[in-house]
K.L.:
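Could you have a look at this structure, given as C-alpha cells, before my questions?
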Amino acid sequence: MNIHTLQAKNLKAGYNKTVIIDGIDVTIPSNKISVIIGSNGCGKSTLLKNFARLIKPFDGEILLDGAGYDKMHSKDLAKIIGLLPQSPMVPESITVYDLVARGRYPYQKPFSQLTSEDQEAIEEAMEMMGVSKLRDQFVEELSGGQRQRVWIAMALAQQTDILFLDEPTTFLDISYQVQILELLKNLNEKKGTTIVMVLHDINLASRYADCLFAMKNGELIAAGSPEDILNEELMLRVFNLECILMKDPVSGSPFIVPKGRAHLRPESQDEGKKISQVV
C-alpha cells in the first residue's frame, strides 16, 4: 500500500443551502484506523462524503498528498479512495461474486473482460471476508452479517489505499459487529490500508481505533488516541451523557459505562440515600 496524506482544511459543507460542517480542519492518520464519533446529525457522514468526493464543499478544501483532487478523474481517484456508504442498495438478482467483481470497475476498460489480476483481487477479497463459499448465492438471500461482509469484500476488491466505511456495523448483532471490526483490523495490519469509519458504539470505537475524531454540531471537538481524549467530560460535552470511565478488561482501552438511576443496584441506591441524608 502507498502512503497518502488526506486533509480537510477550513471545510464548510452540507446539503442544498444547509450548513452541516462549519469550518473544520481534519488530518487523517496514514495507514491507521480512525473512527469518527458523535451524536446523530453532527456531520459524520457528511465529512466522509466530502472526503470521497460524493458532495462538493461549500468552502475550504480537501487535499490528497497536498493537492486538491476536485478535478481528478473518477477512476483514478477510485484506485486510491473507496467508500462503503450506509445501507447500500443490493442490485436485484446479483450473485456474491458479481457484486464483489464490481469493485474492479476502476481498473477496467469499456467492454473489457475481467483480467487474471481482476480475478485474483476478487478471490482475495472474498477470502479475507470469509464469503468465498457464498460466491454463487444471490446477495439478497443472505443474512445481514453475510451481506455486510460481501459489501466490504467489494470495497476490498477495489484495492484502495484509503477506505471509508459509514456505519459498517449498524443493524448487526454484536457477534457480527466484532467479526467485521476484527476483519478490518486484520486488513489494516496486513495491507496497511488507511481505514476511516463512523461507529456509534463508543466502546468498540475505543477498542479498535488508533485515532478518534469527536464531532458535535458540525464542529471537531477533539482528535487523538482513545486514551488521550476519551473521558467523562468529553462524553458529557459530545453526547450529553453522564458516565464512568473504566479500563476494557480485554484490550485495556478506555471503556464507557453510562450512568442511570434505573440501572443502579439496590445497594447503590441505598448508599445514595445515606449520602443524601448525611448531606
Side-chain angles (χ1 to χ4, degrees), residues 1-38 41-86 103 105-107 152 154-168 184 187-189 191-199 205 208-226 228-229 238:
M1 284 287 171
N2 298 314
I3 298 176
H4 295 282
T5 59
L6 191 59
Q7 298 173 292
K9 289 193 173 182
N10 195 30
L11 182 68
K12 186 175 183 179
Y15 307 94
N16 298 321
K17 294 182 179 180
T18 303
V19 176
I20 305 295
I21 294 175
D22 195 5
I24 67 173
D25 296 315
V26 176
T27 298
I28 303 298
S30 301
N31 306 105
K32 302 291 185 180
I33 295 179
S34 297
V35 177
I36 306 172
I37 61 174
C42 70
K44 303 184 297 295
S45 297
T46 303
L47 180 60
L48 289 193
K49 290 176 182 177
N50 274 269
F51 272 127
R53 208 175 67 177
L54 291 185
I55 57 177
K56 188 176 180 180
F58 294 157
D59 200 1
E61 56 185 347
I62 303 287
L63 302 176
L64 177 64
D65 299 329
Y69 56 83
D70 53 314
K71 292 181 174 59
M72 191 174 181
H73 193 281
S74 296
K75 279 196 171 183
D76 292 331
L77 183 62
K79 294 176 183 178
I80 300 173
I81 297 175
L83 170 68
L84 180 63
Q86 292 183 41
Y105 168 76
Y107 304 91
I152 296 175
M154 185 191 74
L156 298 189
Q158 198 172 327
Q159 293 187 324
T160 59
D161 298 316
I162 302 169
L163 179 60
F164 291 101
L165 303 107
D166 196 352
E167 301 185 28
L184 291 172
L187 171 67
N188 169 257
E189 293 176 346
K191 299 285 190 178
T193 305
T194 298
I195 296 175
V196 185
M197 53 186 161
V198 171
L199 292 178
Y208 288 97
D210 298 301
C211 179
L212 290 178
F213 294 97
M215 296 184 65
K216 182 177 183 179
N217 297 332
E219 297 181 359
L220 183 63
I221 302 300
S225 69
D228 287 340
I229 72 166
V238 173

K.L.:
Can you find a pair of side-chain heavy atoms, one from C211 and one from K32, that are under 4.5 Å apart?
P.N.:
no
K.L.:
When rounded to the nearest 0.5 angstrom, what distance separates CG in L220 from CG in L11?
P.N.:
11.0 Å
K.L.:
Taking side chain to side chain donor-acceptor pair (under 3.5 Å) as the definition, give me every residue that meets it alongside D228, ordered by chain and number, with sequence neighbours left out.
P.N.:
S225
K.L.:
How far does CG of N50 sit from CZ of F164, to the nearest 0.5 angstrom?
P.N.:
10.0 Å
K.L.:
Locate the shortest heavy-atom distance separating A52 from L83; write the atom from each residue and the value.
P.N.:
CB-CD2, 3.8 Å
K.L.:
Measure the spacing between OG of S30 and CD1 of I162 and express it to the nearest 0.5 Å.
P.N.:
7.0 Å
K.L.:
Tell me every residue that passes ring-ring contact (aromatic ring centres under 6.0 Å, His included) with Y107, counting only those two or more places apart in sequence or in another chain.
P.N.:
none
K.L.:
Work out which heavy atom in I62 is nearest to a heavy atom in P57; give both atom names and the distance.
P.N.:
CG1-CG, 4.4 Å
K.L.:
If I compare all heavy atoms of V238 with all of A214, which pair ends up nearest, and what's the gap?
P.N.:
CG2-CB, 4.2 Å
K.L.:
Could you tell me which residues satisfy side chain to side chain donor-acceptor pair (under 3.5 Å) with S34, sequence neighbours excluded, listed by chain and number?
P.N.:
none
K.L.:
Could you tell me whether the side chain of N31 and the main chain of T194 form a donor-acceptor pair under 3.5 Å?
P.N.:
no
K.L.:
In Å, rounded to the nearest 0.5 Å, how long is the span from CG of L48 to CD1 of I81?
P.N.:
11.0 Å
K.L.:
Using the test ring-ring contact (aromatic ring centres under 6.0 Å, His included), find all partners of F213 that sit at least two apart in sequence or belong to another chain.
P.N.:
none
K.L.:
If a pair satisfies ring pair (Phe, Tyr, Trp, His ring centres under 6.0 Å) and one of its residues is in residues 57-84, list it, with sequence neighbours excluded.
P.N.:
none
K.L.:
Working note: D161 + K79, criterion side chain to side chain contact (heavy atoms under 4.5 Å, CB included); need CA distance, chi angles, decisive distance, verdict.
P.N.:
CA-CA 8 Å; D161 298 316; K79 294 176 183 178; over 6 Å; no
K.L.:
Of all residues at least two apart in sequence or in a different chain, which pass the side chain to side chain donor-acceptor pair (under 3.5 Å) check with D70?
P.N.:
none
K.L.:
State the CD1-CG distance between I33 and D210, to the nearest 0.5 angstrom.
P.N.:
6.0 Å
K.L.:
Going by atom types alone, do D166 and S45 pair a side-chain donor with an acceptor below 3.5 Å?
P.N.:
yes
K.L.:
Quick check: do I152 and L165 have side-chain heavy atoms less than 4.5 Å from each other?
P.N.:
yes
K.L.:
Using the side chain to side chain donor-acceptor pair (under 3.5 Å) rule, collect all pairs that involve residues 52-67, keeping only residues at least two apart or in two chains.
P.N.:
H4-D65, R53-S74
K.L.:
Tell me, please, which residues at least two apart from D22 pass side chain to side chain contact (heavy atoms under 4.5 Å, CB included).
P.N.:
K12, V19
K.L.:
Can you tell me how far the CD atom of Q158 sits from the CG atom of L84, to the nearest 0.5 Å?
P.N.:
10.5 Å
K.L.:
Taking all non-hydrogen atoms of both residues, which atom of L163 and which atom of A155 are closest, and how far apart?
P.N.:
CD1-CB, 3.7 Å
K.L.:
Quick one: does I24's side chain get under 4.5 Å of L47's, heavy atoms only?
P.N.:
yes
K.L.:
Checking A205 now: which residues fulfil side chain to side chain contact (heavy atoms under 4.5 Å, CB included) with it, not counting sequence neighbours?
P.N.:
V35, I37, L199, L212
K.L.:
By side chain to side chain donor-acceptor pair (under 3.5 Å), which residues pair with Y15, not counting sequence neighbours?
P.N.:
T46
K.L.:
Looking at side-chain heavy atoms only, is the closest gap between I195 and L187 below 4.5 Å?
P.N.:
yes
K.L.:
What are the two closest heavy atoms between M197 and P168, and how far apart are they?
P.N.:
SD-CG, 4.1 Å
K.L.:
Would you indicate whether the side-chain heavy atoms of N10 and D25 approach each other to under 4.5 Å?
P.N.:
yes
